[in-house]
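Down below is the structure, laid out as structure tokens.
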Amino acid sequence: MAAMLQTIGVASGVFSSDHSSKFSVSSLHSFPAVRSDSRTSFGFVHGNSRAGKLVSKAVATKSENASAATKPGHELLLFEALREGLEEEMDRDPRVCVMGEDVGHYGGSYKVTKGLANKFGDLRVLDTPIAENSFTGMGIGAAMTGLRPVIEGMNMGFLLLAFNQISDNCGMLHYTSGGQFTIPTVIRGPGGVGRQLGAEHSQRLESYFQSIPGIQMVACSTPYNAKGLMKAAIRSENPVILFEHVLLYNLKERIPDEEYICNLEEAEMVRPGEHITILTYSRMRYHVMQAAKTLVNKGYDPEVIDIRSLKPFDLYTIGKSIKKTHRVLIVEECMRTGGIGASLTASINENFIDYLDAPIVCLSSQDVPTPYAGTLEEWTVVQPAQIVTAVEQLCQ
């Protein structure tokens with residue numbers, strides 16, 4: 001391991017044909033823990049006139065049935081689920097290593113790697129200088145030598161400094177080397193619109209990386225799929241970018257005790273319905289489910305799908321739903337111009353336009369830098385009341 005890391009030089013990358021600013025955690029801990037069964041509210045935003053009677057900071061997903069305490073498994077916060085998945089893979093495969101700023105004995109800014117340095121040592125959990133282009137390139141080079149690195153961007157916005165390594169190397173080297181190299185690399189970290197973190201730390205960068213050939217992208221939204229996607233991404237022979245949302249780290253859910261992984265190319269059916277298909281991912285899943293409660297009370301039956309796989313899209317699950325509902329609403333936190341919603345709209349029109357009874361509607365964040373002021377920040381992001389209004393108009 002030491003010899004391998006010492007010989008790593010220039011960054012490199014791949015796409016295999018095998019499809020199998022620094023914030024301390026103390027600020028994160030100021031957010032209340034929330035259950036994904038919606039029994040507790042989450043401090044997203046403070047609410048404004050657009051939200052009407054809807055509580056914009058509420059979290060809702062899954063049906064509210066039996067108490068979580070009666071279910072098998074164990075409860076974890078989302079950041080703990082990410083850590084558990086990472087630790088299990090490091091136990092299983094000695095080639096798995098972690099690198100990034102403060103990932104070692106500090107445990108990461110959001111404590112995803114807490115305790116791993118003590119267990120696995122400083123070479124497998126490598127603290128790096130504040131030089132995203134350098135350590136991202138080092139990780140990609142490490143993957144070329146046979147390791148399976150997990151590269152943490154302390155904030156996804158910082159990884160823009162490593163865009164050349166991710167694009168020109170990580171995404172292309174499997175192809176340009178004629179298949180001689182594979183790059184089993186995971187690039188992960190917090191992103192999305194935070195809670196008054198300012199423009200540079202509240203960026204929606206999915207669309208930036210979406211256009212890179214040879215890269216897979218997934219976005220976790222619950223502790224269950226956070227762990228499952230982490231494990232699947234580490235095992236993949238392809239480079240995978242795992243998007244985590246800074247406001248979901250303290251989301252709590254009971255997950256199975258036994259080992260499991262999630263499919264990197266599969267969407268999740270969150271709520272079956274008949275009247276309209278709502279496609280969403282990451283934090284917006286919870287705004288959609290909050291709106292769904294109001295819609296059900298109004299007599300609508302929305303089908304909610306967490307697309308999870310941002311590249312490639314799970315067009316099988318999406319198409320099956322569209323053939324049933326014939327209407328589509330996309331809700332995303334990404335920017336409108338060139339965002340995930342724009343690409344998803346194009347894919348649906350290309351493949352399922354004959355099944356649509358109404359034009360596709362896409363609700364996206366406004367094309368502005370995220371303001372620091374809380375009330376202005378909230379106005380840039382889609383709120384549940386807007387989702388309710390859009391569904392009512394589409395279903396007329």
Side-chain angles (χ1 to χ4, degrees), residues 20 25 28-29 31-42 58-93 96 98 107-108 110-116 119 150 152 186 188-190 192 218-236 240 242-272 280-286 288-289 304-310 314 317:
S20 26
V25 77
L28 175 70
H29 286 167
F31 298 143
V34 245
R35 299 181 186 277
S36 62
D37 59 10
S38 76
R39 290 186 288 136
T40 308
S41 63
F42 190 84
V59 167
T61 181
K62 299 185 179 178
S63 58
E64 298 180 40
N65 39 31
S67 169
T70 65
K71 300 176 183 178
H74 56 290
E75 280 194 338
L76 289 178
L77 302 175
L78 190 144
F79 78 91
E80 294 172 328
L82 288 166
R83 182 201 303 149
E84 185 172 274
L86 178 56
E87 184 175 1
E88 287 179 6
E89 290 304 300
M90 294 183 77
D91 279 328
R92 186 187 69 86
D93 188 343
V96 179
V98 182
Y110 293 94
K111 301 308 177 189
V112 173
T113 57
K114 182 179 179 181
L116 298 185
K119 180 174 181 178
V150 178
E152 176 181 312
V186 180
R188 53 152 297 268
V218 290
C220 61
S221 54
T222 68
Y224 178 87
N225 65 42
K227 178 181 177 179
L229 291 172
M230 170 71 87
K231 291 172 70 69
I234 292 173
R235 296 185 188 189
S236 174
V240 179
L242 172 60
F243 289 93
E244 304 156 15
H245 200 291
V246 66
L247 291 184
L248 296 184
Y249 276 130
N250 273 12
L251 185 71
K252 181 178 287 189
E253 183 181 32
R254 185 170 291 272
I255 68 174
D257 291 328
E258 63 272 12
E259 184 180 46
Y260 68 92
I261 63 172
C262 294
N263 192 322
L264 292 175
E265 301 179 12
E266 188 175 77
E268 177 186 350
M269 179 65 67
V270 180
R271 184 191 187 279
T280 188
Y281 65 94
S282 192
R283 175 194 174 192
M284 285 297 107
R285 167 175 173 153
Y286 300 101
V288 168
M289 289 307 294
V304 180
I305 296 175
D306 183 343
I307 63 173
R308 287 199 316 201
S309 176
L310 308 185
D314 178 5
T317 300

CD1/Ile261 to CD1/Ile234 distance, rounded to the nearest 0.5 angstrom? 11.0 Å
Shortest non-hydrogen separation from Cys262 to Ala232 and the atoms involved: O-CB, 3.0 Å
Using the rule side-chain contact (heavy atoms from CB on, under 4.5 Å), only one of Asn225, Leu264, Leu310, Ile307 pairs with Val218; which is it? Leu264
Keeping Arg254 on the side-chain end and Gly73 on the backbone end, is there a donor-acceptor pair under 3.5 Å? yes
Reported OH-to-CG distance for the pair Tyr224 and Leu229, which is rounded to 0.5 angstrom: 9.5 Å
So, Glu268 side chain and Asp306 main chain: donor-acceptor pair closer than 3.5 Å or not? no
Look at Asp91 together with Lys119 and state whether they make a salt bridge at an N to O cut-off of under 4.0 Å. yes
Shortest non-hydrogen separation from Ala226 to Leu78 and the atoms involved: CB-CG, 3.9 Å
To the nearest 0.5 Å, how far apart are CD in Glu87 and NZ in Lys231? 10.5 Å
Side-chain heavy-atom pair Val270, Thr280 within 4.5 angstrom cut-off: no
Can you give me the closest heavy-atom contact between Thr113 and Glu152, atom names plus distance? CG2-OE1, 4.1 Å
Heavy-atom nearest pair, Pro223 first then Ala81, reads O-CB, 3.3 Å
The reported gap from CD in Glu259 to CZ in Arg92 (rounded to nearest 0.5 angstrom) is 7.0 Å
Here the gap from Phe79 atom CZ to Glu244 atom CD, rounded to the nearest 0.5 Å, amounts to 12.0 Å
Smallest heavy-atom separation, Val96 atom then Glu89 atom, equals CG2-O, 3.8 Å
Under the 3.5 angstrom rule, does the side chain of Tyr260 hit a backbone N or O of Lys227 as a donor-acceptor pair? no
Between Arg271 and Met289 (side chain of the first, backbone of the second, donor and acceptor by atom type, cut-off under 3.5 Å), is there such a pair? no
Before giving the answer on side chain to side chain contact (heavy atoms under 4.5 Å, CB included), spell out for Leu82 and Leu242 the whole-Å C-alpha distance, their side-chain angles and the decisive distance to 0.1 Å. CA-CA 11 Å; Leu82 288 166; Leu242 172 60; 4.1 Å; yes
Do Arg285 and His245 have side chains that approach each other closer than 4.5 Å (heavy atoms only, starting at C-beta)? no
Rounded to the nearest 0.5 Å, what's the gap from NZ on Lys114 to CD on Glu80? Could you check? 9.0 Å
Looking at Ala267 and Ile305, what are the two nearest heavy atoms and their distance? CB-CG2, 3.7 Å
With ring centroids as reference points, do Tyr110 and Tyr249 lie under 6.0 angstrom apart? yes
